[in-house]
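Report on the structure given below.
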Protein chains: 2
Amino acid sequence: MADIRDVAQRAGCSIATVSRALNSPQLVRPETLARVQAAAAELKFRPNALGRQLRGERTGLIGVMLPTLGNPVFADCLEGIEAAIDGTGRRLLLVTTQYDPERERNAIETLLQQRVDGLLMTLADAEHSALVDDLAAEGVACQLVYNDAPERPCVSVDNRAAAAQGVNMLIEAGHRDIVMVTGALHASDRAKRRYLGYGDAMQAAGLTPLPAFEIDFNSGARGERVREWLAQRERDGARPTALFCSNDLLALGVMRALREAGLRVPDDISVLGFDGLAVGELLSPTLATVVQPSVEIGRHAAQRLLAQIDGRVGVVGASHDPSLSHALILPHEIRRGGTVSAPPARQA
Amino acid sequence: MADIRDVAQRAGCSIATVSRALNSPQLVRPETLARVQAAAAELKFRPNALGRQLRGERTGLIGVMLPTLGNPVFADCLEGIEAAIDGTGRRLLLVTTQYDPERERNAIETLLQQRVDGLLMTLADAEHSALVDDLAAEGVACQLVYNDAPERPCVSVDNRAAAAQGVNMLIEAGHRDIVMVTGALHASDRAKRRYLGYGDAMQAAGLTPLPAFEIDFNSGARGERVREWLAQRERDGARPTALFCSNDLLALGVMRALREAGLRVPDDISVLGFDGLAVGELLSPTLATVVQPSVEIGRHAAQRLLAQIDGRVGVVGASHDPSLSHALILPHEIRRGGTVSAPPARQA
DNA sequence: TTGAAAGCGCTAACAT
DNA sequence: ATGTTAGCGCTTTCAA
């Protein structure tokens with residue numbers, strides 16, 4: 001593979017001139033420029049980004065760390081990130097962590113070793129993670145996505161308020177027995193905040209918040225678990241009339257289980273999701289859900305990160321925009337859908 | 001940021017010893033090793049991967065180029081890729097191209113400049129693209145995913161046979177008026193092969209293949225287009241009784257349009273998809289589809305790529321496994337689902 | 001406008 | 001077991 005020296009020799013100039021011709025053509029005499037370009041083309045010269053990166057201040061690499069791509073929420077967000085960096089000459093280094101804190105640590109270390117200019121990530125639990133503080137202390141540019149921790153650099157919706165508003169919609173539809181269904185609650189700060197929002201809405205309506213029904217997201221036996229739980233509640237005479245699922249994917253799984261258990265949605269039981277996945281609108285009945293602007297979350301996070309990186313030019317006197325180190329809360333939306341209706345008439 | 005020299009000084013040894021301590025601990029006296037590790041920890045030394053990569057043969061970087069992450073097929077495939085490289089110490093450089101050939105060219109060039117060890121990609125049209133030949137000529141390790149071009153290094157299903165089998169299922173259910181619905185047909189070699197498979201099945205049953213109904217994937221007006229088209233067919237008295245959609249996402253969109261047009265699936269019209277998206281099973285009725293093992297496709301492609309890279313050790317006399325430069329065809333599956341039933345009784 | 005030269009941080013001979 | 005040294009390919013002063 002030809003290197004800059006080969007090109008220089010072929011063009012009859014020094015490597016410095018080749019470098020200029022490639023990066024600052026205006027600094028080079030047109031005739032020389034042409035010779036260099038010709039030489040580069042003939043040799044199929046492909047500049048080695050590693051050399052440049054090793055030398056320079058920046059690599060143009062952005063580290064992206066997400067829990068999984070199996071949930072379209074993250075894929076959507078990634079699309080927003082891509083859209084934001086498109087045309088800036090940056091590239092994305094991608095890692096997924098499966099919500100595993102240890103993998104999170106490793107991944108970050110790896111990305112940092114590659115000298116990414118900045119980090120975009122969703123942590124399992126941003127509030128209790130010292131990671132973000134460490135990164136801040138090290139001066140690593142970084143934005144969290146989806147995590148909402150008010151005092152941290154992140155982009156998200158107000159999960160608590162959004163959840164409350166969603167649950168409130170259920171209440172307004174006439175539901176009083178509402179249970180929240182979540183994955184492992186302890187593993188996700190978002191699910192926790194949504195549960196708080198659920199509690200807010202319930203209490204504001206004078207209802208008693210119920211414990212969340214937690215089911216393991218990764219277990220194949222989800223359907224069965226749901227049915228067992230339902231049967232139990234049935235025996236207790238306390239079957240809820242509505243379920244608030246902490247995310248859309250979970251809602252879809254739950255709905256399948258309900259169907260298999262012979263329950264009709266929404267006639268027998270209403271279901272509300274959270275995320276606003278596009279597929280939700282394609283279902284019938286359409287999935288009622290709390291919509292986060294996933295693509296926009298990704299886009300904004302990336303834009304903020306770039307601003308952060310660029311603001312770091314002089315390294316010292318840089319114009320550190322303080323707003324970039326606090327949360328950016330994007331508006332959520334309630335999407336009414338066919339999975340929510342009034343509760344079935346009470347049977348004596 | 002501390003570099004290897006700082007660590008050496010602090011540990012009272014040479015940089016070579018530090019390097020050894022980090023990469024081949026067994027070559028270093030335990031006592032020295034301990035000193036180095038202590039020094040590295042105290043200085044929060046983070047090895048600069050760029051230095052190593054510039055020096056070494058390999059970067060450990062794998063370039064991944066996909067059309068979009070908006071379609072879960074590709075996200076699933078990416079999960080398989082991740083699974084395959086997990087634990088190998090490699091990282092993924094990700095780019096999406098939106099099916100745009102020019103972006104494809106740019107992206108590849110970019111990835112190559114970063115000196116990725118190999119490339120994993122889905123091209124819009126692998127058969128007519130000179131890209132793959134160029135790459136092969138340059139000796140770049142590369143595997144195509146989803147594209148099935150028999151003579152190329154790729155991992156996919158046999159799109160033609162799979163489509164034929166799917167369409168045959170429709171025929172066996174009693175359908176004779178079957179139309180294939182696709183995105184821009186010219187843009188995707190897969191859609192083209194699936195259309196061939198459609199033709200195969202129709203002809204084998206003594207039926208006349210119909211022209212495909214192409215609708216722009218990126219247009220928001222999809223629903224409307226479908227309704228117009230249906231109305232037209234209706235007037236012609238030639239409304240098909242079954243639609244074979246070239247992918248599941250399209251099928252979902254089409255089904256929505258059908259519903260909005262007042263048609264029931266499958267009572268009025270049957271729908272068959274292609275891909276095997278997980279959401280298809282969560283719908284009701286569940287989506288009948290031709291299932292590709294997306295995660296496995298990604299996993300295998302990555303494994304083959306790694307084998308290719310590793311086989312290149314001696315650079316010259318390497319054990320170039322020739323099978324790696326030909327297609328690996330993975331088995332597909334027909335998923336029967338609620339969206340396909342017998343055609344409605346003929347009305348005079 | 002161009003060239004010479006000094007590294008960026010690391011690894012791997014080669015020497016001791 | 002450890003040190004010395006020569007680059008990997010590039011950008012960027014500093015001089016000319």
Side-chain angles (χ1 to χ4, degrees), chain A residues 1-37 39-40 43-61 89 109-110 112-117 313-315, chain B residues 1-37 39-40 43-61 89 109-110 112-117 313-315:
Chain A
M1 166 105 286
D3 73 1
I4 200 176
R5 238 166 295 267
D6 301 325
V7 177
Q9 182 167 14
R10 177 127 200 176
C13 65
S14 73
I15 62 170
T17 298
V18 174
S19 178
R20 288 189 199 101
L22 266 28
N23 304 307
S24 327
Q26 74 283 3
L27 294 185
V28 119
R29 193 152 43 100
E31 183 192 316
T32 320
L33 177 57
R35 282 211 320 279
V36 172
Q37 288 171 334
L43 296 172
K44 293 187 198 248
F45 172 61
R46 180 147 43 219
N48 186 328
L50 299 170
R52 179 209 305 262
Q53 290 164 352
L54 183 54
R55 184 70 227 275
E57 281 290 83
R58 296 217 219 307
T59 57
L61 262 24
E109 181 58 27
T110 288
L112 258 19
Q113 291 190 4
Q114 192 67 42
R115 297 307 189 258
V116 294
D117 292 338
V313 192
V315 176
Chain B
M1 164 107 286
D3 72 2
I4 201 176
R5 239 167 294 269
D6 300 325
V7 178
Q9 182 167 11
R10 177 128 199 174
C13 66
S14 75
I15 61 169
T17 297
V18 174
S19 178
R20 286 189 202 102
L22 266 28
N23 303 308
S24 326
Q26 73 284 4
L27 294 184
V28 117
R29 192 150 45 99
E31 184 191 314
T32 320
L33 178 58
R35 284 211 319 281
V36 172
Q37 288 171 334
L43 296 171
K44 292 184 198 249
F45 171 62
R46 180 147 41 219
N48 186 328
L50 298 170
R52 179 208 306 259
Q53 290 164 351
L54 184 52
R55 186 69 228 278
E57 282 288 84
R58 296 219 220 306
T59 57
L61 264 22
E109 181 57 27
T110 289
L112 258 19
Q113 291 190 4
Q114 192 68 41
R115 296 306 189 259
V116 294
D117 292 337
V313 192
V315 176

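Chain naming here is simple, since letters A, B, ... match the order of the sequence lines and numbering starts at 1 in each. In this text the structure is predicted, and so the values were computed from the model without any measurement.
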Next item on the list: With sequence neighbours excluded, tell me which residues meet salt bridge (charged side-chain N to carboxylate O under 4.0 Å, His left out) with R10(A).
Entry: E42(A)

Next item on the list: Return the value, rounded to whole Å, for the distance between atom CZ of R46(B) and atom P of dG9(C).
Entry: 14 Å

Check: Does OP1 or OP2 of dC10(D) have a side-chain N or O of S19(A) closer than 4.0 Å?
Finding: no

Checklist line | Nearest heavy-atom neighbours spanning V7(B) and A40(B) | finding: CG1-N, 3.9 Å

Check: Over how many whole Å does the gap from R35(A) atom CZ to dT1(C) atom P extend?
Finding: 14 Å

Check: Among pairs that include at least one residue of residues 19-31 of chain B, which meet salt bridge (Lys or Arg N to Asp or Glu O under 4.0 Å), considering only residues two or more places apart or in two chains?
Finding: R29(B)-E31(B), E31(B)-R35(B)

Next item on the list: Could you pull out all residues at least two apart from Q37(B) that satisfy side chain to side chain donor-acceptor pair (under 3.5 Å)?
Entry: none

Next item on the list: Using atom CZ of F45(A) as one end and atom P of dG9(D) as the other, report the distance to the nearest whole Å.
Entry: 10 Å

Margin query: Rounding to an integer number of Å, can you tell me how far Q53(B) CD sits from dG9(C) C1'?
Written below: 12 Å

Enumerate all atom pairs, one protein N or O and one N or O from nucleotides 14-16 of chain C, separated by less than 3.5 Å.
none

Next item on the list: With rounding to the nearest 0.5 Å, note down the distance linking CZ in R115(A) to CD in E57(A).
Entry: 12.5 Å

Item checked: Between dC8(C) (P) and N48(A) (CG): distance, integer Å -> 18 Å

Notebook entry, point to check: Considering residues, nucleotides and ligands other than Q9(B), do more than 12 of their heavy atoms fall under 6.0 Å from its CD?
Noted result: no

Notebook entry, point to check: For DNA chain C, what residues of residues 3-16 of chain B have any heavy atom nearer than 4.0 Å?
Noted result: D3(B), I4(B), R5(B), I15(B), A16(B)

Note to self: Taking side chain to side chain donor-acceptor pair (under 3.5 Å) as the definition, give me every residue that meets it alongside D117(A), ordered by chain and number, with sequence neighbours left out.
What the structure shows: T59(A)

Item checked: Residues which pass side chain to side chain contact (heavy atoms under 4.5 Å, CB included) with Q26(A), listed by chain and number, not counting sequence neighbours -> S24(A)

Notebook entry, point to check: Contacts to DNA chain C from residues 23-32 of chain A, heavy-atom cutoff under 4.0 Å, which residues?
Noted result: V28(A), R29(A), T32(A)

Checklist line | Whole angstrom value for the distance that separates C1' of dC8(D) from CZ of R58(B) | finding: 16 Å

Check: Which whole-number value in Å describes the distance from E57(B) CD to dG9(D) P?
Finding: 10 Å

Checklist line | Spacing of L22(B) atom CG relative to dT2(D) atom C1', expressed in whole Å | finding: 15 Å

Check: Considering residues at least two apart in sequence or located in another chain, which fulfil the salt bridge (charged side-chain N to carboxylate O under 4.0 Å, His left out) criterion with R46(B)?
Finding: E109(A), E138(A)

Item checked: For A34(B), side chain to side chain contact (heavy atoms under 4.5 Å, CB included) partners two or more places apart -> none

Margin query: Going by the rule side chain to side chain donor-acceptor pair (under 3.5 Å), which residues pair with S19(B) if we only count those two or more places apart in sequence or in a different chain?
Written below: N23(B)

